[in-house]
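I have placed the structure first, in the form of structure tokens, so that the comments after it can refer back to it.
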Amino acid sequence: MNYWLMKSEPDEFSIDDLARKKSEPWSGVRNYQARNYMRDGMRAGDGIFFYHSSCPEPGIVGIASVGSAAYPDPTQFDPRSDYFDAKSSRTAPRWFLIDVKFKRKLKRIIGLADLKARPELRELALVKPGNRLSVLPVTKAQWDFILGLE
DNA sequence: GCCAACGTTGGC
DNA sequence: GCCAACGTTGGC
């Protein structure tokens with residue numbers, strides 16, 4: 001079992017949105033490294049930290065899980081979608097996604113500043129300078145440590 | 001294949 | 001709104 005962190009802007013899609021919908025196809029990721037994590041790294045049942053970015057209180061707000069194996073992101077084929085990619089095709093899809101399944105909200109937000117302040121999380125990809133990936137790997141040790149902060 | 005210009009992310 | 005740190009694009 002592997003662990004991940006996925007960012008979302010709460011104005012676009014928040015943990016409460018996920019709680020209401022139960023499961024959400026994570027469409028719109030258009031970064032190759034993030035795609036590779038979803039397509040090649042994720043397996044159904046993997047753990048996900050749900051992170052709110054670009055908001056007054058950035059931080060980890062909930063727990064989700066990977067609900068499916070990776071499959072082609074349908075929005076890449078839709079000319080009316082913001083995520084349409086003319087260079088992709090159904091026979092050779094470029095972008096993949098997984099379903100994100102709601103587990104629970106955290107009792108409190110574990111803020112970015114808090115995460116940054118912990119020596120145990122120095123290697124967490126999220127707190128490395130310049131990391132803008134929306135999908136990041138988390139080690140089991142980091143996962144367990146962060147859960148302990150709740 | 002290089003690299004400058006441009007666009008995006010995301011914290012502050 | 002600013003700015004650092006990227007990734008992408010496109011001319012050559």
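Quick note on labels: first sequence line is chain A, next is B, and so on, each numbered from 1.
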Proximity to DNA chain B (any heavy atom under 4.0 Å), residues of residues 105-122 of chain A only: L112(A), K116(A)
Positions of residues 81-95 of chain A (non-hydrogen atom under 4.0 Å from DNA chain B), listed by number: none
Remaining members of the apolar cluster that contains L97(A), side-chain heavy atoms under 4.5 Å: Y71(A)
Leading and trailing nucleotides of DNA chain C with any atom under 4.0 Å from heavy atoms of chain A: dA5(C) to dT8(C)
Contacts of [X] that satisfy side chain to side chain donor-acceptor pair (under 3.5 Å) - sequence neighbours left out:
X: K140(A); answer: D144(A)
X: K21(A); answer: E24(A)
X: R122(A); answer: none
X: S23(A); answer: none

Inter- and intrachain pairs under ring pair (Phe, Tyr, Trp, His ring centres under 6.0 Å), touching residues 100-126 of chain A, at least two apart: none
Residue pairs fulfilling ring pair (Phe, Tyr, Trp, His ring centres under 6.0 Å) with at least one residue in residues 30-65 of chain A, sequence neighbours excluded: W4(A)-Y37(A), W26(A)-F50(A), Y32(A)-W95(A), F49(A)-W143(A), F50(A)-H52(A)
Contacts of R94(A) that satisfy salt bridge (Lys or Arg N to Asp or Glu O under 4.0 Å) - sequence neighbours left out: D85(A)
Residues in ring-ring contact (aromatic ring centres under 6.0 Å, His included) contact with F96(A), at least two apart in sequence or another chain: none
Distance-only side-chain donor-acceptor flag, T75(A) / R30(A), under 3.5 Å: yes
